[in-house]
Peer 1: 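First the structure, then my questions, so here it is.
Reckoned from all heavy atoms, side chains included, excluding hydrogens, waters and symmetry mates.
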Amino acid sequence: MNLVIKNIIRFIFILFVQVFILKKIPPLHQFIVPYFYFIFILWLPFKTRRSVVLTAGFLVGFGVDMFYKTPGLHTAASVLIAYLRPFVINLLLPKEATEWGNEEPSRLSMGTLPFTTYVILLTLCHNTYLIFLEWMQFGSFLYFMGKLFATSLVSLLLIMITELLVNRKTRNR
């Protein structure tokens, strides 16, 4: 399947899951908000140009903002991790590993530990920035830390379960 068409279908499916499934889950607690949509940015191929990654980050964040009625919060956090993504990949992998062409970051292509570190770092960056933008309007530092911990934990759990369940064709490292 063409890479562009595959990513468009993936974009629509991930946005659908975030907006029509995860948003409808009744809140378990005030701190737990499952964010899953930024997995689209995490799964973009290694050789994707930075401008395309930033545009994809903007589009996925803007799509979520439209449905959540949060003006720019998700867009800002998505663009931030889209910007940081190449730096994190270059820190975790040797140069030749990122020159595989259309390979996507996964636990098989990167290895379990580098991929887990990649996901944790970008999830924490995304959730810290997003929750910080919310926190500036509202509450206390304990609220900020509690929501950051709970949201990041749930997001990491969703991403890792998805990574285990979805079979993406990739070369082993």
Peer 1: Supply the atom-to-atom distance Ser78 OG to Leu54 CG, rounded to the nearest 0.5 angstrom.
Peer 2: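 It is 11.0 Å, given to the nearest 0.5 Å.
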Peer 1: Say you draw a straight line from CZ of Phe132 to CG of Asn127; how long is it, rounded to the nearest 0.5 Å?
Peer 2: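 The distance works out to 14.5 Å.
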Peer 1: Taking side chain as C-beta onward, heavy atoms only, is Pro105 less than 4.5 Å from Phe46?
Peer 2: yes
Peer 1: Name all residues meeting the side-chain hydrogen bond (donor to acceptor under 3.5 Å, both in side chains) criterion together with Tyr37; count only those two or more places apart in sequence or in a different chain, and write none if there are none.
Peer 2: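 If we apply the side-chain hydrogen bond (donor to acceptor under 3.5 Å, both in side chains) test to Tyr37, skipping adjacent residues, the hits are His74, His126.
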Peer 1: Does Leu121 have any side chain to side chain contact (heavy atoms under 4.5 Å, CB included) partners at least two apart in sequence or in another chain, and if so, which?
Peer 2: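 Partners of Leu121 under the side chain to side chain contact (heavy atoms under 4.5 Å, CB included) test: Val88, Thr117.
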Peer 1: Would Arg107 and Leu164 count as a side-chain contact (heavy atoms from CB on, under 4.5 Å) here? Give the steps.
Peer 2: CA-CA 9 Å; Arg107 62 184 174 79; Leu164 291 172; 3.4 Å; yes
Peer 1: Hey, any chance Leu15 and Val4 share a hydrophobic cluster, counting ILVMFWY side chains that come within less than 4.5 Å of each other, even indirectly?
Peer 2: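 Linked, Leu15 and Val4 end up in one cluster.
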Peer 1: Any donor-acceptor pair under 3.5 Å linking the side chain of Thr48 with the backbone of Pro45?
Peer 2: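 Yes, Thr48 side chain to Pro45 backbone: donor-acceptor pair under 3.5 Å.
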Peer 1: Report yes or no: is the cationic atom of Arg85 (NZ for Lys, CZ for Arg) closer than 6.0 Å to the six-membered ring centre of Phe40, at no more than 45° off its axis?
Peer 2: no
Peer 1: Quick one: CE on Met160 to CD1 on Ile39, what's the gap to the nearest 0.5 Å?
Peer 2: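 Met160 atom CE to Ile39 atom CD1 measures 9.5 Å (nearest 0.5 Å).
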Peer 1: I would like to know whether Phe38 and Leu122 meet side-chain contact (heavy atoms from CB on, under 4.5 Å); could you show each step before the answer?
Peer 2: CA-CA 9 Å; Phe38 60 92; Leu122 290 180; 5.8 Å; no
Peer 1: Same cluster or not: are Met66 and Phe58 linked, directly or through other Ile, Leu, Val, Met, Phe, Trp or Tyr residues, by side-chain heavy atoms under 4.5 angstrom apart?
Peer 2: yes
Peer 1: Give me the atom names and distance for the closest heavy-atom approach of Ser155 to Pro34.
Peer 2: OG-C, 4.4 Å
Peer 1: Considering residues at least two apart in sequence or located in another chain, which fulfil the ring-ring contact (aromatic ring centres under 6.0 Å, His included) criterion with Phe20?
Peer 2: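 Phe20 satisfies ring-ring contact (aromatic ring centres under 6.0 Å, His included) with Phe16, Phe67 only.
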Peer 1: Any sub-3.5 Å donor-acceptor pair from Thr123's side-chain atoms to Ser152's backbone N or O?
Peer 2: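 Side chain of Thr123 to backbone of Ser152: no pair is present.
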Peer 1: Count I, L, V, M, F, W, Y as connected when their side-chain heavy atoms are under 4.5 Å apart, and connections chain through other members. Are Leu113 and Tyr118 then in the same cluster?
Peer 2: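 Unlinked, Leu113 and Tyr118 end up in two clusters.
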Peer 1: Going by side chain to side chain contact (heavy atoms under 4.5 Å, CB included), name the residues that satisfy it together with Leu80, two or more places apart in sequence or in a different chain.
Peer 2: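 Scan of Leu80 (side chain to side chain contact (heavy atoms under 4.5 Å, CB included), adjacent residues dropped) gives Leu84, Tyr129.
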Peer 1: When hydrophobic residues are tied together by side-chain contacts of less than 4.5 Å, even through go-betweens, does Leu153 share a cluster with Phe144?
Peer 2: no
Peer 1: Could you list the residues that satisfy salt bridge (charged side-chain N to carboxylate O under 4.0 Å, His left out) with Arg10, not counting sequence neighbours?
Peer 2: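 Partners of Arg10 under the salt bridge (charged side-chain N to carboxylate O under 4.0 Å, His left out) test: Glu104.
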Peer 1: Under the rule for side-chain hydrogen bond (donor to acceptor under 3.5 Å, both in side chains), what residues qualify as partners of Tyr68, not counting sequence neighbours?
Peer 2: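 side-chain hydrogen bond (donor to acceptor under 3.5 Å, both in side chains) list for Tyr68, sorted by chain: Gln18.
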Peer 1: Among all residues two or more places apart in sequence or in another chain, which pass the side-chain hydrogen bond (donor to acceptor under 3.5 Å, both in side chains) test with Thr70?
Peer 2: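 If we apply the side-chain hydrogen bond (donor to acceptor under 3.5 Å, both in side chains) test to Thr70, skipping adjacent residues, the hits are Asp65.
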Peer 1: Would you please name every residue forming a side chain to side chain contact (heavy atoms under 4.5 Å, CB included) with Ile120, sequence neighbours left out?
Peer 2: Thr116, Leu124, Leu156
Peer 1: To the nearest 0.5 Å, what is the distance between CD on Glu134 and CG on Leu73?
Peer 2: 6.0 Å
Peer 1: Can you pull out every salt bridge (charged side-chain N to carboxylate O under 4.0 Å, His left out) where at least one residue sits in residues 153-164? Sequence neighbours excluded, please.
Peer 2: Glu163-Arg168
Peer 1: Apart from Leu91 itself, which Ile, Leu, Val, Met, Phe, Trp or Tyr residues share its cluster (side-chain heavy atoms under 4.5 Å, direct or through members)?
Peer 2: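 When side chains under 4.5 Å apart are linked, Leu91 ends up in no cluster with other residues.
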Peer 1: Looking at CG of Leu42 and CD1 of Ile81, how far apart are the two atoms once the value is rounded to the nearest 0.5 Å?
Peer 2: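 Between atom CG of Leu42 and atom CD1 of Ile81 there are 5.0 Å.
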Peer 1: For Phe149, which residues count as a ring-ring contact (aromatic ring centres under 6.0 Å, His included) partner, sequence neighbours excluded?
Peer 2: none
Peer 1: Using a 4.5 Å cut-off between side-chain heavy atoms of Ile, Leu, Val, Met, Phe, Trp and Tyr, which other residues end up in the same hydrophobic cluster as Ile161?
Peer 2: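 Reading the cluster by chain and number, Ile161 sits alongside Leu157, Leu165.
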Peer 1: Restricting to non-hydrogen atoms, name the atom on Thr75 and the atom on Gly61 that form the minimum distance, rounded to 0.1 Å.
Peer 2: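 Minimum heavy-atom contact is OG1-C, 3.2 Å.
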Peer 1: Answer yes if Tyr35 and Val166 sit in the same cluster of Ile, Leu, Val, Met, Phe, Trp and Tyr residues linked by side chain heavy atoms under 4.5 Å apart, and no otherwise.
Peer 2: yes
Peer 1: Could you state the interatomic distance from OG1 (Thr151) to CG (Leu130), rounded to the nearest 0.5 Å?
Peer 2: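 Thr151 OG1 to Leu130 CG: 8.0 Å, rounded to 0.5 Å.
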Peer 1: Would you name the heavy atoms of Ala82 and Ile41 that are closest together and state the gap between them?
Peer 2: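 For Ala82 versus Ile41, the nearest heavy atoms are CA-CG2, 3.9 Å.
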Peer 1: Which atoms form the tightest heavy-atom contact between Leu92 and Pro114, and what is the distance?
Peer 2: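 The pair with the smallest heavy-atom distance is CD1-O, 3.4 Å.
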